[in-house]
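Owing to the predicted nature of the structure, the values given are computational and were not obtained by experimental measurement.
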Amino acid sequence: MMIPLLATAMIAAPLSAPDLQHEVDAVVAAGATSATAELSTGERASSGAAIAGTHLPVPSNARFRIGSETKTFLATVVLQLVDEGKLRLDDHVDTLMPGVVPDDRITVRQLLNHSSGLYEVLRTMPSPRSAEFLEIRYKTWTTAELVARATAYPLDFAPGSKVAYNNTGYLVLGLLVEKLTGHSYADEIDHRIIRKLHLTGTSVPGTFPFILAPHARGYLPIDGRLVDITTVNPSILNAAGEMISTTRDLNRFFLALLNGDLLPPDLVHEMKQTAHESQYGLGLISRDTSCGTAWGKDGDAPGYSTWTFVAPDNHRSVTVSVTWGAGNHKAAVNALLDKELCD
């Protein structure tokens with residue numbers, strides 16, 4: 001399979017801030033191959049290399065795989081369907097789609113807040129951080145196929161009894177959106193959110209394995225070396241994590257969502273209701289900061305990690321994109337998020 005060359009087109013750089021530059025430098029010093037952070041106020045900084053072992057900078061309009069931040073886009077579509085009267089949060093999934101889930105007690109709300117008890121689909125295949133994953137990187141998966149793999153196993157716990165992060169529930173939600181609208185979840189995300197907000201760097205790629213726009217390459221640290229995993233069939237992530245975006249687009253989306261541009265206030269409020277005192281709301285997670293509770297989402301895809309959070313006052317957001325390296329960069333990312341959300 002041909003792998004496209006990294007795009008490195010030069011465009012006008014956004015504003016930079018010395019403190020933000022220092023913070024992303026710290027993320028790379030902690031072991032990331034590259035790191036980019038952008039504030040909704042326009043400041044942006046990058047560090048590290050777009051290609052490991054080189055001095056190529058990360059393109060200023062870089063695309064990247066956003067992993068589980070896809071869940072927030074999908075949850076927004078589901079809640080828009082609630083607003084339109086097509087379903088209710090406490091509807092039973094088996095009533096809406098008979099035979100898809102193995103327990104008739106599971107509700108739409110439980111799929112959204114990770115309390116359904118469904119078996120985790122990622123446990124049915126090699127870890128995305130393993131050498132074995134490379135053997136299936138180009139395989140095409142349908143949403144229904146992935147759901148069937150997970151639901152062949154018993155529930156991990158009774159629906160609603162506790163919380164455990166769960167990708168299977170969002171795969172089921174992808175099927176539910178298609179059942180209720182007659183269109184794929186990708187099409188619904190596209191016309192309800194991407195086009196509405198003019199997110200020109202955001203896409204739902206389906207089975208297309210390449211990132212054709214400017215980007216930094218993603219890597220898996222395996223046996224002490226970095227393996228390029230930039231090209232991968234994103235259908236393995238599917239409705240739970242397949243999307244591509246930019247720091248600018250993600251800031252725009254999360255600010256619009258939390259300020260009521262995509263949902264009425266009562267449903268934004270519902271998104272912030274967490275289950276069993278966890279951090280998990282409906283497609284959002286809470287984050288404790290030195291200035292209060294921030295809301296947003298993080299996400300992993302092979303080779304890439306992303307965080308987007310909106311400050312407690314809803315006036316400011318920050319997105320961080322990291323390509324994996326040999327070290328543990330999370331403490332440095334946490335420090336950056338707290339500083340920029342609360343400064």
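- In this structure, Tyr165 and His114 have parallel ring planes: the angle between them is below the 30° cut-off, well short of the 60° mark.
- With hydrogens and angles disregarded, no donor-acceptor distance shorter than 3.5 Å links the side chain of Glu132 to the backbone of Ser127.
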Donor-acceptor pairs under 3.5 angstrom involving side-chain atoms of residues 255-267: please list them, not counting sequence neighbours.
| from | atom 1 | to | atom 2 | distance (Å) |
| --- | --- | --- | --- | --- |
| Asn259 | ND2 | Leu255 | O | 2.9 |
| Asn259 | ND2 | Asn314 | O | 3.1 |

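- At a threshold of 4.0 Å, the pair Arg123-Asp156 counts as salt-bridged, since one of the basic side-chain nitrogens sits closer than that to a carboxylate oxygen.
- The shortest non-hydrogen separation linking Asn251 to Ser317 is OD1-OG, 2.9 Å.
- Using a distance-only test at 3.5 Å, with no hydrogens or angles considered, no donor-acceptor pair links the side chain of Thr107 to the main chain of Asp90.
- Under the 4.5 Å side-chain contact rule for hydrophobic residues, Val333 and Val58 do not share a cluster.
- Side-chain polar atoms of Asp25 and Ser47 form a donor-acceptor pair below 3.5 angstrom.
- In this structure, Phe254 and Phe73 have perpendicular ring planes: the angle between them is above 60°, well past the 30° mark.
- A donor-acceptor pair under 3.5 Å is formed between the side chain of Glu242 and the backbone N or O of Gly206.
- Residue Tyr153 shares its hydrophobic cluster (ILVMFWY side chains chained together at separations under 4.5 Å) with Tyr119.
- For the pair Asn328 (side chain) and Lys330 (backbone), a donor-acceptor distance under 3.5 Å is present.
- No donor-acceptor pair closer than 3.5 Å links the side chain of Arg316 to the backbone N or O of Asp343.
- A cation-pi arrangement is absent between Arg149 and Trp141 under the rule of less than 6.0 angstrom and at most 45 degrees off the ring axis.
- Residues Thr308 and Glu69 have side chains that bring a donor and an acceptor to within less than 3.5 angstrom of each other.
- Applying the 6.0 Å contact sphere to NE2 of His276 captures more than 12 heavy atoms from other residues, nucleotides or ligands.
- Heavy-atom contacts from other residues, nucleotides or ligands closer than 6.0 Å to NZ of Lys196 number 12 or fewer.
- Under a 3.5 Å cut-off, the side chain of Thr289 and the backbone N or O of Gly292 do form a donor-acceptor pair.
- Residues Asn233 and Thr207 have side chains that never bring a donor and an acceptor to within less than 3.5 angstrom of each other.
- Although no hydrogens or angles enter the test, the distance criterion places a donor-acceptor pair under 3.5 Å between the side chain of Tyr185 and the main chain of Ala239.
- To the nearest 0.5 Å, atom OG1 of residue Thr72 and atom CG of residue Leu112 are 10.5 Å apart.
- Side-chain atoms of Thr36 and Ser321 include no donor-acceptor pair closer than 3.5 Å.
- One finds a salt bridge joining Glu84 and Arg192 here, because a Lys/Arg side-chain nitrogen approaches an Asp/Glu carboxylate oxygen to under 4.0 Å.
- A donor-acceptor pair is defined here as one N or O able to donate and one able to accept, closer than 3.5 Å; no such pair exists between the side chain of Arg287 and the backbone of Phe309.
- Formation of a donor-acceptor pair under 3.5 Å by the Gln110 side chain with backbone atoms of Ser115 is not found in this model.
- Side chain of Arg105 to backbone of Ala158: no donor-acceptor contact under 3.5 angstrom is found.
- In the hydrophobic cluster analysis, where Ile, Leu, Val, Met, Phe, Trp and Tyr join through side-chain heavy atoms closer than 4.5 angstrom, Leu284 is grouped together with Leu89.
- At a threshold of 4.5 Å between side-chain heavy atoms, the hydrophobic network of Ile, Leu, Val, Met, Phe, Trp and Tyr places Ile136 and Val147 in one connected group.
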